[in-house]
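Here, residue 1 is the first one in the sequence, and each next residue gets the next number.
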Amino acid sequence: MPRARPSRLASLTARLTTGARAAALTLSLTASRLLACDIALVLAMDVSGSVDAYEYGLQTQGIALALHDPAITEALLSGRVALSLLQWSGAEEQSVALPWQRLHEPADIRAASARIATLPRAFAGGNTAVGAAIAAASDLFDQTPDCRNWVIDVSGDGDENDGNTVGHERRTAHRRGIVINGLAIEGMGTAEAISNFYRRWVVTPGGFVITAQQHRDFARAIRVKLLRELIAPMAQNPAAPPTPHPAQTLQLAAQLTSLPEISVPTAAP
C-alpha cells in the first residue's frame with residue numbers, strides 16, 4: 001500500500017507552529033532588551049516665587065553634590081537608573097530642565113551633575129501648583145516603559161495655591177503605579193506645616209517625606225532622600241527580573257508590534 005501523503009493543512013500547520021515559536025522567541029528577547037532599567041526618577045524642583053535666587057542655587061548645588069556622593073553613585077550604577085529633572089511653579093509653568101539621562105557609567109553621573117549645577121532657572125515669581133507639577137512629571141514616564149519602578153521626587157517650600165489639583169493628580173499617578181515622595185522645605189516659623197501638607201496631599205501610599213529645615217538644609221535632605229529612593233526598591237527584591245506596570249506592558253506591546261512579520265511559505269500543491 002502506498003504511503004499516504006501529508007495533507008496541505010498538516011504541512012501548513014507545521015509551518016505556522018514553527019513560525020509562532022520563532023515569533024515568541026523574538027518577542028521574549030525583545031522584551032528582555034526593553035526592560036533594562038530598575039528605576040526611572042524624576043526630580044521635580046520648586047522654582048516658584050517663594051524661592052529666591054540664593055535658595056534656587058542651594059537646590060541645584062545640593063542635587064549636584066548629592067550625585068557625587070559615593071553611596072549614591074554606587075546606587076545609581078548598580079540600579080540602572082534613568083534620571084530627569086523638572087522645574088515647576090504655577091499651573092502653566094513646568095519645564096523639563098534635564099531630559100532623561102541613562103546613568104550607566106561614572107562619566108554619565110558626572111555629566112548629569114555638571115548640567116544640574118549650572119541649570120538656568122525656568123521661572124521666577126510664579127505661584128505654587130503642585131498638582132500640575134505631578135501631572136507633568138507623570139507624563140515623562142511615557143518615555144521610560146522599560147523601567148520597573150517609576151518615582152517622582154517632589155521638593156517644595158509651600159502648599160498649593162494655584163490649580164488645586166494635587167489630590168486628583170496624586171490619585172491618577174498612584175493608579176499608574178507611580179510612587180511620589182516629598183522633600184518639604186520648612187521656613188522660619190512654619191514648624192511642620194509644609195511637611196504635613198506633603199504627607200497629607202502629595203505623597204502616594206507607601207511614599208515618604210523628608211524635611212529640610214530651610215533651604216540651607218536642602219543638600220543634606222536630598223542626599224538622605226535619594227539614598228532611600230534608590231536603595232529601597234532594589235533591597236526589597238534585588239534578583240527579580242523587571243516586571244512592568246500594566247501601563248508599561250501596553251507600551252511595550254505597542255513597540256513590539258513594529259517587529260517585522262514572519263512570512264509563512266505557501267504549501268506546495
For this session: Would you sort out whether Leu77 and Ile109 count as a side chain to side chain contact (heavy atoms under 4.5 Å, CB included), showing the intermediate values?
Result: CA-CA 9 Å; Leu77 295 177; Ile109 300 175; 3.7 Å; yes

Exercise. For the atom pair CD (Glu160) and CH2 (Trp201), what is the distance rounded to the nearest 0.5 Å?
Worked result: 9.5 Å

Exercise. Quick one: does Val130's side chain get under 4.5 Å of Val154's, heavy atoms only?
Worked result: yes

Seminar exercise, completed: So CG of Leu43 and CD of Gln59: to nearest 0.5 Å the spacing works out to 11.0 Å

Problem set entry | Value rounded to 0.5 Å, distance of CG in Leu41 from CG in Leu140 | 11.0 Å

Exercise. So, does Asp159 use its side chain to make a donor-acceptor pair with the main chain of Phe197 at under 3.5 Å?
Worked result: no

For this session: Please list, chain by chain and in numerical order, all residues satisfying salt bridge (Lys or Arg N to Asp or Glu O under 4.0 Å) with Asp69, sequence neighbours excluded.
Result: Arg223

For this session: Of all the heavy-atom pairs spanning Ala91 and Asp162, show the shortest one and how long it is.
Result: N-OD2, 3.0 Å

For this session: Work out which heavy atom in Leu227 is nearest to a heavy atom in Ala71; give both atom names and the distance.
Result: CD2-CB, 3.8 Å

Exercise. Does Arg110 have any salt bridge (Lys or Arg N to Asp or Glu O under 4.0 Å) partners at least two apart in sequence or in another chain, and if so, which?
Worked result: none

Problem set entry | Student check: side-chain heavy atoms of Trp88 and Thr128 closer than 4.5 Å | yes

Exercise. To the nearest 0.5 Å, how far apart are CZ in Phe123 and CD in Glu93?
Worked result: 5.5 Å

Problem set entry | Listed partners of Leu58 passing side-chain contact (heavy atoms from CB on, under 4.5 Å), at least two apart | Tyr54, His215, Arg216

For this session: For Ile116 and Leu85, run side chain to side chain contact (heavy atoms under 4.5 Å, CB included): C-alpha distance rounded to whole Å, both residues' side-chain angles, the deciding distance at 0.1 Å, then the answer.
Result: CA-CA 8 Å; Ile116 292 171; Leu85 189 146; 4.1 Å; yes

For this session: State whether the number of non-hydrogen atoms from other residues, nucleotides or ligands found under 6.0 Å of Glu74 atom CD is greater than 12.
Result: no

Seminar exercise, completed: The reported gap from OG1 in Thr172 to CD1 in Ile178 (rounded to nearest 0.5 angstrom) is 9.0 Å

For this session: Hey, can you tell me if Phe141 and Trp100 have their rings parallel, tilted or perpendicular (30° and 60° cut-offs)?
Result: tilted

Problem set entry | Asn181-Glu229 side chain donor-acceptor pair, cut-off 3.5 Å | yes

Problem set entry | salt bridge (Lys or Arg N to Asp or Glu O under 4.0 Å) pairs, two or more places apart, involving residues 178-207 | Glu192-Arg199

Problem set entry | Any side-chain donor near an acceptor of the partner, Ser155 and Asp46, under 3.5 Å | no

For this session: Kindly say whether Ala122 contributes a backbone atom to a donor-acceptor pair with the side chain of Ser95 at under 3.5 angstrom?
Result: no

Problem set entry | Interatomic spacing from CD1 in Ile180 to CD1 in Ile152 - rounded to 0.5 Å | 4.5 Å

Exercise. Within a strict 4.5 Å, meaning less than it, do heavy atoms of the Met45 and Ile63 side chains meet?
Worked result: yes

Problem set entry | Option from Gln94, Glu169, His168 for which side chain to side chain contact (heavy atoms under 4.5 Å, CB included) with Ile134 holds | Glu169

Problem set entry | Under 3.5 Å: donor-acceptor pair, side chain of Tyr198, backbone of Gly156 | yes

Exercise. Is a side-chain donor or acceptor of Gln101 paired with a backbone partner of Ala82 at a separation under 3.5 angstrom?
Worked result: no

Seminar exercise, completed: Closest heavy-atom pair, Val151 versus Ile39, reported as atoms and distance to 0.1 Å, is CG2-CG2, 4.2 Å

For this session: Assess Arg228 against Phe208: is NZ or CZ under 6.0 Å from the centre of the six-membered ring, and within 45 degrees of the ring's axis?
Result: yes

Seminar exercise, completed: Across all chains, not counting sequence neighbours, the salt bridge (Lys or Arg N to Asp or Glu O under 4.0 Å) partners of Arg121 are none

For this session: Would you check if Ile222 and Asp153 make a side-chain contact, meaning some heavy-atom pair closer than 4.5 Å?
Result: yes

Exercise. Would you say Ser195's side chain and Ile210's backbone share a donor-acceptor pair under 3.5 angstrom?
Worked result: no

For this session: Show your reasoning for whether side chain to side chain contact (heavy atoms under 4.5 Å, CB included) applies to Asp157 and Val51.
Result: CA-CA 8 Å; Asp157 67 353; Val51 179; 3.7 Å; yes

Problem set entry | Minimum heavy-atom distance Ala136-Leu86, with the two atoms named | CB-CD2, 4.1 Å

Exercise. Given side chains that start at C-beta, do those of Ser84 and Val96 come closer than 4.5 Å, heavy atoms only?
Worked result: yes

Exercise. Can you tell if the side chain of Arg176 reaches within under 4.5 Å of the side chain of Ser138, non-hydrogen atoms only?
Worked result: yes

Problem set entry | Leu230 and Ile72, any side-chain heavy atoms less than 4.5 Å apart | yes

Exercise. Does the side chain of Trp150 reach to within under 4.5 Å of the side chain of Val179, using non-hydrogen atoms?
Worked result: no

Problem set entry | By salt bridge (Lys or Arg N to Asp or Glu O under 4.0 Å) - contacts of Arg220 (at least two apart) | Asp217

For this session: Would you check, one step at a time, whether the test side chain to side chain contact (heavy atoms under 4.5 Å, CB included) holds for Tyr56 with Leu119?
Result: CA-CA 10 Å; Tyr56 171 81; Leu119 283 176; 3.7 Å; yes

For this session: Compare every heavy atom of Ser113 with every heavy atom of Ala64, then report the nearest pair and how far apart it is.
Result: O-OG, 2.9 Å

For this session: Give the minimum heavy-atom separation between Thr165 and Ala132, together with the two atoms involved.
Result: OG1-N, 3.7 Å

Problem set entry | Lys/Arg N to Asp/Glu carboxylate O, Arg102 vs Asp108, below 4.0 Å | no

Problem set entry | Donor-acceptor contact present, side-chain Gln61 to main-chain Ala117, <3.5 Å | yes

